[in-house]
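Have a look at the structure below, then the notes.
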Amino acid sequence: MPELPEVETVRRGLAPVMEGARIVRVEARRPDLRRPLPHDFVKRLEGQTVTGIGRRAKYLTADLASGDVLLMHLGMSGSFRVSHDGKGATPGEFHHPRPTAPAHDHVVFHMSSGATVTFNDPRRFGLMLIVPRRELADHPLMREVGPEPLGNAFDANLLAAACALKKTSLKAALLDQTVVAGLGNIYVCEALHRARLSPKRRASTIATRTGAPNARAVALVEAIKAVLNDAIKAGGSSLRNHRDTDGELGYFQHHFRVYDREGEPCVTPGCRGTVKRIVQNGRSTFFCPTCQR
DNA sequence: CCGCGGGCCTGAGAGC
DNA sequence: TGCTCTCAGGCCCGCG
């Protein structure tokens, strides 16, 4: 489910309750996620202080005092729930866990702060693993990941260079995590619409023969950054709601301009077009054929 | 290198 | 109401 903005929102929700706190106890209720939890998962986490919560692409990272990093991915349906004393983490429950936990609560972290952080993932496409900090960048899951779209290094030069060699559609190129990290089906559709570029266009057409960026590349980078920042802002506002109460982290409502709006009028000012749905690489693409060229 | 199909899983929604 | 079918925001593999 989650793309970069959702994962970043989750990071911001977890940081206040996990950073600086110690993991007192871990429940690995359902170890068979996308890949099985490591055999020493609980042992390597219990007693560890979390020194920081980070994000790389769609991955969350929890830095541990031991030098390990807990690497987490939400897959399609993963979310975190944070609860404080009194809900889900009462002293009584600490010693006698509810026999009937909510469905799909696969991993539970009991923090020294009194907070309980629960990972819920119905489809179990999510994943958790533990990697020594110094091996993280070279880990197979991280090694090929491209630039962070909100980082300063990500600009039209970089995107054009990455797309210049590609023979795919622009849509497929943006979904390719080695080209740019963290975009998924929704935000690719949204960014292309903002940039008024057709998802069917060849990726290499945002670069000149020499691989230098053209005006399309500039517009696209601008659109990507804008749509992600807007979405993070919307997620951030939804975060405020669960400061004091229980919070669901992993999904927030956001208004999309084209995604899932098939047949509805295009919202581009002055455009009289209608949003269309097509299938590219087996996935839905929503775009306006009138203003996206 | 590329697109495609299939697979991993469960749940929501549409249609009958 | 309940059944069946399709589809879903991610990612990986093997095939041609």
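Note that the structure is predicted; figures quoted are calculated from it, not measured. Only heavy atoms go into these numbers, but all of them, side chains included; no hydrogens, no water, no symmetry mates. Chain A is the first sequence line, chain B the second, and so forth, proteins listed ahead of strands; every chain is numbered from 1.
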Least distance between heavy atoms, A:Ala223 atom then A:Ala191 atom: CB-O, 3.4 Å
A:Glu148 versus A:Arg55, closest heavy-atom pair with distance: OE1-NH1, 2.9 Å
Within the pair [X] and [N], is there a side-chain N or O less than 4.0 Å away from OP1 or OP2?
| X | N | answer |
| --- | --- | --- |
| A:Lys166 | B:dC1 | no |
| A:Ser284 | C:dA8 | yes |
| A:His104 | B:dG11 | yes |
| A:Lys58 | C:dC11 | yes |
| A:His73 | C:dC11 | yes |
| A:Tyr259 | C:dG9 | yes |

Once you round it to whole Å, what is the distance between [atom2] of [N] and [atom1] of [X]?
| X | N | atom1 | atom2 | result |
| --- | --- | --- | --- | --- |
| A:Arg55 | C:dG10 | CZ | C1' | 16 Å |
| A:Glu262 | B:dA14 | CD | P | 14 Å |
| A:Asp176 | B:dC2 | CG | P | 8 Å |
| A:Gln177 | C:dG9 | CD | P | 14 Å |
| A:Tyr187 | C:dG9 | OH | C1' | 9 Å |
| A:Lys200 | B:dG3 | NZ | P | 15 Å |
| A:Asp260 | C:dT6 | CG | C1' | 14 Å |
| A:Leu127 | C:dC12 | CG | C1' | 12 Å |

If you check the [X] side chain, which of [options] turns out closest?
| X | options | result |
| --- | --- | --- |
| A:Asn281 | C:dG9, C:dC12, B:dG3 | B:dG3 |
| A:Pro122 | C:dC11, B:dC2, B:dG11 | B:dG11 |
| A:Glu6 | B:dG3, B:dC2, C:dG9 | C:dG9 |
| A:Ile186 | C:dG9, B:dG11, C:dC11 | C:dG9 |

Path from A:Val10 to A:Val69 over hydrophobic side-chain contacts below 4.5 Å: no
Chi angles and distances behind the salt bridge (Lys or Arg N to Asp or Glu O under 4.0 Å) call for A:Arg81, A:Asp105: CA-CA 9 Å; A:Arg81 206 170 62 245; A:Asp105 281 357; 2.9 Å; yes
Verdict with reasoning, A:Glu8 to A:Arg12, per salt bridge (Lys or Arg N to Asp or Glu O under 4.0 Å): CA-CA 6 Å; A:Glu8 177 60 24; A:Arg12 292 178 188 191; 2.8 Å; yes
Base C:dA8 paired with A:Arg283 side chain (donor-acceptor, <3.5 Å): no
Base of B:dC9 paired with side chain of A:Arg124 (donor-acceptor, under 3.5 Å): no
Watson-Crick or G-U wobble mate for C:dG9, both contacts under 3.5 Å: none
For B:dC9, the Watson-Crick or wobble partner whose two distances fall under 3.5 Å: none
A:Phe125 aromatic ring stacked with six-membered ring of B:dC8, 5.5 Å and 30°: yes
Using a cut-off of 4.0 Å on non-hydrogen atoms, how would the nucleic acid contact of [X] be classed: base, sugar-phosphate, or nothing?
| X | result |
| --- | --- |
| A:Gly282 | nothing |
| A:Arg35 | nothing |
| A:Leu33 | nothing |

Note, A:Phe287 side chain near A:Leu197 side chain (heavy atom, < 4.5 Å): no
A:Glu3 side-chain N/O to A:Tyr187 backbone N/O, donor-acceptor pair under 3.5 Å: yes
Spacing of the P atoms in C:dA8 and B:dC4 (rounded, Å): 15 Å
Pairwise P distance for C:dT6 and B:dG5, with rounding to whole Å: 15 Å
